[in-house]
Amino acid sequence: MPRKNGGSGPRCVALVGPYGAGKTTLLESILWISGATPRKGSIAGKNTVGDASPEARARQMSVETNAATTRYLDESFTFLDCPGSIEFLQEALNVLPGVDAAIVVCEPEPAKVAMLQPYLKRLSDLSIPHALFVNKIDKATGAVRDLLAQLQTVAPKPLVLRQIPIWENGVAAGFVDLALERAHIYREHAASQIVDMTDEVRARETEARFQMLEKLADFDEHLMEELLLDVNPQRDEIFADLQRDLQQGLIVPVFLGSALGDNGIRRLLKALRHEVPEVGIAASRQGLAKSGDVALQVLKTYHTMHGGKLSLARIFSGQLKDGATLYRADGGDIRVGGLFALKGQEQIKLAEAGPGETVALGRLDEVATGEMLSGAKTGLRSKTRAEILIPVYGLAIRAADRKDEVKLTSAIAKLREEDPSLLFEQDAALHQMTLWGQGEIHLKVAVERLASKYGLKLDTHRPDVPYKETIRKSTTQRGRHKRQTGGHGQFGDVVIEIRPLPRGSGFAFEDKITGGVVPRNFIPSVEKGVIDFLHHGPLGFPIVDVAVALVDGSFHAVDSSDAAFQTAARIGMSEGMPNCAPVLLEPIMHVMIHVPSDSTAGVNGVISTRRGKILGFDSRDGWAGWDTVEAQIPQSELHDLIVELRSLTQGVGTFEQKFDHLAELTGKLAENVVSARKAA
């Protein structure tokens, strides 16, 4: 039977979906309707509860998850408004393991349905109950049944339409609730008005309701029997099926409305109140047994300007008090230094919180996003932790003021606590620090935060490519270093053979000295001098796949030294290498590009224009209607590949890369690379 009086305990619901669908506006509508705010903010007005950071306000888009707790019909809900830009998808992935349900917000445009698949696929894989909210229904220009058919192509679970629109002059002026069999006319910024159905609306409602019941009957034999016998099922039975099927992840209910006009929001809230499961089901997904001990998971980390670190956490069981000691999975303990309910950036002080509540904890300095904490000393390990997205876009960074370099690494560590999809690399060979992320905007926001939060001004540029060089020919070269100064002089004399090695062999040094013409104690110095030269070849890049043999030389009993033989070896290499036909090598990456199947042909063209070689393609494992294209592409061509892929695929395409091999680069391209290196 359905919960006639609502749920039992606080619920946590994520608002997810593509950029521009209206999630932040939906949150504003929910908070205003539930009485959490005295007025409704707007994105254009830059006065919303969420998106209060300078980076979000400047772009009028969400760049991190915003939490807001409110009450509706005496029940507590925390809504987590997740960014819609695919570049900030990690924000949604972080919180999903701890929520009871998700609302996937979309627009009534069939052409945009592909943008929903990254969300619907992951929610289905994680067994998280979820519903679709078709926002901006007043802007719809086509039939909802056609939209539903398109949506079903990207939804792993059956979509069940809960409402149909009432049309007036081609505009959705209201809706019919198929479970309640009631017609409602929208009223701007007010509760809808119940009206009688016209004959035309009644006919549409009868057909749509039967289709809804047919889908529910797929999971209920008794309901199937009733439909076969033309028995009209009881309303309580229908609501019980809707509740059970949502909680078990068998169906995805579909609601209609307009967050801007506050239409359909109350009906959505009532459905959440009656049908979203309590925290026990989310706890069971984590493998947590029922217990009186505190068990919670950190879903999001914030580093605030003045309040320090805040850890947004979902409490699965137990009563948590401010100041309580919690235990980590490794047995270490940590003390809670503040307990708050959040409403955007507003922090509401709490003395304690119980099962189901979503709260912010202060001063958990060592605790990472995704970590499970327990009141029991044995600790807990999370069964479901967030997927961490693979970086697809890099930006070389450097502190504008060199004295800020140590401060920079510390600040980036804090950024990565907030956003695990950021990756920081330091390349000693290139003398380069690179920040990797999910796209150009993602990294611009990160750089802006480093400036606004930590006072760090950065110089940025496209990351350098780790070119190498090698040789095609062999040569023999003498290297002689002789200098006479006051006292002892310097003398070293070597004859070396330089020859190419097969690709991937690296470097080899061989001692072929006979008769002691170079004393044994100086031979390591010769090798060291050769290796020193290999860091910077005649073209300006590190040398690989080269063998050097010491074949002859001479020494002075007084003036020879380690330093002299190192210098002689470097001279021999510098004079001999230009005679070996040096050639530039560029790194070639093995790339796996994941896109919807209708974009595969376009991807093949993208690969060709980037000097790539297509290796083949196949269906993407676990993703209906997607392909994975494998290719080899020069690393220098990959910097903005993600930008082009997203343009080609409505933002959903992505790729993975790993180093494959080095290949010769000749002609004008090589000349440009060498010229740029010499200029630098």
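A quick note: this is a predicted structure, and the numbers were derived from the prediction, not measured.
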Discussion item. Evaluate E64 against R449 for salt bridge (charged side-chain N to carboxylate O under 4.0 Å, His left out), listing each step before the verdict.
Written reply: CA-CA 12 Å; E64 66 181 344; R449 281 180 173 166; 3.6 Å; yes
Worksheet entry | Sidechain N-carboxylate O distance under 4.0 Å for R59, E448 | yes
Worksheet item: Does atom NZ of K528 have more than 12 heavy-atom neighbours, drawn from other residues, nucleotides or ligands, at distances under 6.0 Å?
Response: no
Worksheet item: Between S554 and F491, is any pair of side-chain heavy atoms under 4.5 Å apart?
Response: yes
Worksheet item: Can the positive tip of R677 be found less than 6.0 Å from the middle of the six-membered ring of F541, inside 45° of the ring normal?
Response: yes
Discussion item. Whether the side chain of R610 engages the backbone of P634 through a donor-acceptor N/O pair (distance < 3.5 Å, no angle test) should be reported.
Written reply: no
Item to complete: Look at the side chain of Q117 and the backbone N and O of W623, then say whether any donor-acceptor pair between them is shorter than 3.5 Å.
Response: no
Worksheet entry | Lys/Arg-Asp/Glu bridge criterion (N-O < 4.0 Å) met for R462, D640 | no
Practice prompt. For N94 and T369, test the side chains for any donor-to-acceptor distance below 3.5 angstrom and give the result as yes or no.
Written response: no
Worksheet item: Between E664 and R503, does at least one N-O distance fall below 4.0 Å, as a salt bridge requires?
Response: yes
Worksheet item: Can you say whether the rings of Y393 and H639 are parallel (under 30°), tilted (30 to 60°) or perpendicular (over 60°)?
Response: tilted
Response to the item:
Closest non-hydrogen atoms of V63 and S53, given as atom of the first, atom of the second and distance, are CG2-OG, 3.9 Å
Worksheet entry | Minimum-distance pair of heavy atoms, taken over all atoms of P578 and M573 | CD-O, 4.3 Å
Fill in: Side-chain H-bond candidate by donor/acceptor type, T434 with Q432, under 3.5 Å
yes
Discussion item. Under a plain distance cut-off of 3.5 Å, with no hydrogens placed, do Q286 and S382 share a side-chain donor-acceptor pair?
Written reply: yes
Discussion item. Tell me whether T609 contacts the main-chain N or O of V606 through its side chain, where contact means a donor paired with an acceptor under 3.5 Å.
Written reply: yes
Practice prompt. Taking all non-hydrogen atoms of both residues into account, name the closest pair between P83 and S62 and its distance.
Written response: CB-O, 3.4 Å
Discussion item. Under a 3.5 Å distance rule, please check whether E371 uses its side chain to pair with a backbone N or O of A368 as donor and acceptor.
Written reply: yes
Worksheet item: Does a side-chain N-to-carboxylate-O contact under 4.0 Å join K300 and E91?
Response: yes
Discussion item. I'd like to know if R478 pairs up with D493 as an ion pair, taking the criterion as any Lys NZ or Arg NE/NH1/NH2 lying under 4.0 Å from an Asp or Glu carboxylate oxygen.
Written reply: yes
Worksheet item: How about H303 and E418: does a side-chain donor come under 3.5 Å of a side-chain acceptor?
Response: no
Worksheet entry | Check: D559 side chain, G489 main-chain N or O, donor-acceptor pair, under 3.5 Å | yes
Discussion item. Give me the atom names and distance for the closest heavy-atom approach of S599 to L648.
Written reply: OG-O, 3.6 Å
Worksheet item: Between the main-chain N or O of N604 and the side-chain N or O of S608, is there a donor-acceptor pair closer than 3.5 Å?
Response: yes
Discussion item. Is it true that, when you exclude Y302 itself, more than 12 heavy atoms of the residues, nucleotides or ligands shown sit nearer than 6.0 Å to its OH?
Written reply: yes
Practice prompt. Over all heavy atoms of both residues, which pair between I334 and V367 is shortest? Give the atoms and the distance, please.
Written response: CD1-CG2, 3.8 Å
Worksheet item: Counting only heavy atoms not in N521, do more than 12 sit closer than 6.0 Å to its CG atom?
Response: yes
Worksheet entry | Exercise: do T628 and D618 side chains pair donor with acceptor under 3.5 Å | no
Worksheet item: Nearest heavy-atom pair of V494 and A568: which atoms, and what distance?
Response: CG2-O, 3.8 Å
Worksheet entry | Donor-acceptor under 3.5 Å (E469 side chain, G540 main chain) | yes
Fill in: Donor-acceptor pair between H481 and Q566 side chains, under 3.5 angstrom
no
